[in-house]
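Heads up, the thing below is written out as structure tokens.
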Number of protein chains: 4
Amino acid sequence: MAPQNKEQLDQKKHERKAQIMRAAIKVFAENGIKLTKISMIAKEAKVSHGLVYHYFTSKDEILYASLDWAVEEHKSAKLFQELNDHEVSPLEQIKQFTLFAFTESDTEISNGVFRIIQNLSSTNDLPEHLVQFVEKAGQFYIESLYPLFVEGQNSGEIIKGDAEELLGIYLTVLSGIMADDPAFWKDNTEQKVGILTRMISER
Amino acid sequence: MAPQNKEQLDQKKHERKAQIMRAAIKVFAENGIKLTKISMIAKEAKVSHGLVYHYFTSKDEILYASLDWAVEEHKSAKLFQELNDHEVSPLEQIKQFTLFAFTESDTEISNGVFRIIQNLSSTNDLPEHLVQFVEKAGQFYIESLYPLFVEGQNSGEIIKGDAEELLGIYLTVLSGIMADDPAFWKDNTEQKVGILTRMISER
Amino acid sequence: MAPQNKEQLDQKKHERKAQIMRAAIKVFAENGIKLTKISMIAKEAKVSHGLVYHYFTSKDEILYASLDWAVEEHKSAKLFQELNDHEVSPLEQIKQFTLFAFTESDTEISNGVFRIIQNLSSTNDLPEHLVQFVEKAGQFYIESLYPLFVEGQNSGEIIKGDAEELLGIYLTVLSGIMADDPAFWKDNTEQKVGILTRMISER
Amino acid sequence: MAPQNKEQLDQKKHERKAQIMRAAIKVFAENGIKLTKISMIAKEAKVSHGLVYHYFTSKDEILYASLDWAVEEHKSAKLFQELNDHEVSPLEQIKQFTLFAFTESDTEISNGVFRIIQNLSSTNDLPEHLVQFVEKAGQFYIESLYPLFVEGQNSGEIIKGDAEELLGIYLTVLSGIMADDPAFWKDNTEQKVGILTRMISER
DNA sequence: CATGAATGAGAATTCATTCAT
DNA sequence: TATGAATGAATTCTCATTCAT
């Protein structure tokens, strides 16, 4: 009865959803959550707004599902495999993280997630399930970098102080830049990362 | 019938407008331009929304006029008088500017202007007259700080490099933080400013 | 400042709301709740749909407020003063109630309330506050008629049996007719009421 | 390629359509025409909504065809064979009709038709072809009962008066109950039928 | 000047209908 | 046949803007 085998259909369906979620992440990140219109997501994904509702039940669900997907999708990205390269100093690894996170090819996504999380964090009356999620997702970045900060402090590379607070400041700066001026990273990326890391580097 | 002379009336009218513009700056800065509703401005100014339209013809005009007013109003504010205190080093003056600009009491306005400008800059299809304006207003910050950067480089306090670019990075970081997380400045302000200025300070 | 005294304005506002609520009762009654579009209410009230939302916050609130208003408005109507005329037999009073409730001039309202209540009663997942309300409003009819049924049974005019159940059947029939075929009452009303009351009259 | 002969295929096709129409009647009757979604019919029939459109070209056609089918299918049903049992008095036959029509097992269909017809009758701007149809279908009930009313009047069992009008009132009451409160028939059915027929019974 | 009533364009969501597979 | 993907018209609700008082 089914014209194609189930696997193919599921595959297709999954791709379609991914296509929409990818668009959603991009548009949400660019415009903020409230200002993102379903029509913008649909246009970016090159589908009708009706189809968006075929796959998702509401704007909120799109947001939620897209974030979830994006985090899962990129959790295991090579980005963080690199981070465990013990040949490189912690500060250098932080620089690499910064470079990867905001300049790598597929980064529209991970960059977007970062910005959306930031946008959500500043929302007042976030529904409980999203609060949880935002914390979980934000935690991902923190957990990836926190050990590097501590390690760097121990080795004297990074300035003293509450590592968590320092990390917080660093992430706030990064996400702020992304939100305000994503094009910032276009040119002289390495130089800019160098300047940013001066904030936390000893000497 | 006229209970007051013309001057008094003009005075009153001017105050009324200022009252609305002050509210507008605050609300625009807090919520972003698109998310600011006329009703929010009216409420903040404690007037009816109808009255807002008595003084201004559109939301855009409110924005435009309020920015214009705020910039003029604060151009000569003591904030920048301090900046010319030649007893203090350029880097110190930059720290003070940063402190003032984002944390001082009356700063609701100048801070607001900064954030709104930032918000406008990231808007894609800005009408031409606003583009002009944004540039003009943004210029204000640049002109205030640029001499200090150059001076600091000459005295060896600030790292070498294209002063304009350096200033650009610094302002991007500041405005990014304000846009993303205004509460950032609430606690430990001086310490945070200290960390931010490490980006550009020679050691 | 206010061009008219507060009382006049309140009066006007109240009339406007009543105008919309009157229309709402009519349209809800005619089309059922789900099928009633805001635009239908607006059209019936001869106002824009926007204005409807100026006075009410949602379709549900319109329904709720309109029912509340209608019940209050008509509770004390002369309709029920007549009912206590002790010169007339209970069965006769029931006939009069039936006549009044569905055929009298202003009845578009009370008739409407009856039908809407009926419509609501058959809704499955009614929000709690409406359940309460429906019961309260429905109770109104029951309380008005129940004593007459009991009295009629005592005097031998009305057939024996559980008075409450009998009343339930009678009201179900009435509301069913109203829902299905309001025009039913147009002609030969007295004769039709006569036939209906035969259901319960002892002979 | 054809695994079955033409006859078998036709048979299958016919069953499929019947399956959908049966579901349609049920769902239309339960929810009213406008509130019935294609998806509800498809679900009830356990087919995809796409298949519904394979057999029918529009929601209206489903309605029309289903009614047509249901009437034909049940015209000769035993329900009405019983009606011609001359051992039983006309009034008793009317009672039986009422019982059958609303409580018999297979009656989901004939009951449904009755309710849908009723629903259609109360629709304002019914397309012409449906008007015709509704009249034709409604006629079916009238033709079945009218002779019994006349007979009952002749034998003195049923009150005098215009038989057609009397029948109209009786049918209005029945259909009203079904539309408003189908659960009415659940309990004490015979007793309730007894009360309803009191409307028309002499003595 | 001042208020808030009134309007209508635009955004989220639902659902009949069409179409590719 | 059969499925469900895809589309777009229609509906609820929001909010900038205009207007009568």
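Chain letters run A, B, ... following the sequence lines, proteins first and then strands; every chain starts at 1. Values reported hereafter were calculated over all heavy atoms of this structure, with side chains retained and with hydrogens, waters and symmetry mates removed. Nothing here was measured: the structure is a model prediction, and the numbers come from that model.
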Could you tell me the separation between the [atom1] atom of [X] and the [atom2] atom of [N], rounded to a whole number of Å?
| X | N | atom1 | atom2 | result |
| --- | --- | --- | --- | --- |
| A:K12 | E:dT21 | NZ | C1' | 7 Å |
| A:K17 | F:dA6 | NZ | P | 13 Å |
| B:I41 | F:dT17 | CD1 | P | 10 Å |
| C:I20 | E:dA5 | CD1 | C1' | 10 Å |
| D:F56 | E:dA16 | CZ | C1' | 16 Å |
| A:K13 | F:dA6 | NZ | P | 11 Å |
| D:I62 | E:dC15 | CD1 | C1' | 13 Å |
| D:L63 | E:dA16 | CG | C1' | 15 Å |

Search all heavy atoms of [X] against all heavy atoms of [Y] and return the closest pair with its distance.
| X | Y | value |
| --- | --- | --- |
| A:L35 | A:M40 | O-SD, 3.6 Å |
| C:T36 | C:K59 | O-NZ, 2.8 Å |
| A:A24 | A:S66 | CB-OG, 3.6 Å |
| C:F56 | C:A65 | CE2-CB, 3.8 Å |

Handout entry: Base-pairing string, 5' to 3', of DNA chain E - Watson-Crick or wobble, under 3.5 Å, | interstrand
Key = .||||||||||||||||||||

Handout entry: A:V47 and A:H54, any side-chain heavy atoms less than 4.5 Å apart
Key =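 No; the side chains remain at least 4.5 Å from each other.
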
Exercise for the section: Determine: side-chain N/O of D:R16 to OP1/OP2 of F:dA2, distance under 4.0 Å, yes or no. Expected result: yes

Handout entry: Short side-chain N/O contact to F:dA2 OP1/OP2 from D:H54, under 4.0 Å
Key =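 Indeed not, no polar side-chain atom of D:H54 lies that close.
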
Problem - Separation of D:I33 CD1 from D:L120 CG (nearest 0.5 Å) - result: 3.5 Å

Exercise for the section: Side chain of A:S48 only, please: which of F:dT21, E:dA2, F:dA6 is the nearest? Expected result: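 In terms of side-chain proximity for A:S48, the closest of F:dT21, E:dA2, F:dA6 is F:dA6.
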
Practice task
Answer yes or no: is there a donor N or O on one side and an acceptor on the other, between the side chain of D:K13 and the main chain of D:Y55, under 3.5 Å?
Solution key: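 It does not hold such a pair.
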
Handout entry: B:Q19 backbone acceptor or donor facing B:K46 side chain under 3.5 Å
Key =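 No, the answer is negative, given that no donor and acceptor are paired below the 3.5 Å cut-off.
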
Problem - Sugar-phosphate only, base, or nothing, as touched by D:Y55 at under 4.0 Å among non-hydrogen atoms - result: sugar-phosphate

Exercise for the section: Using heavy atoms to find the nearest nucleotide of DNA chain E for C:L51 and B:V52 separately, return the residue whose nucleotide is more 5′. Expected result: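 Nearest nucleotide further toward 5': that of B:V52.
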
Completion exercise
Protein heavy-atom contacts under 4.0 Å, written 5' to 3' over nucleotides 9-16 of chain F as B (base), S (sugar-phosphate only) or - (none), form the string B-SSBBSS

Handout entry: Polar contact flag, side-chain donor to acceptor under 3.5 angstrom, D:E15-D:Q11
Key =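 A donor-acceptor contact under 3.5 Å links the two side chains.
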
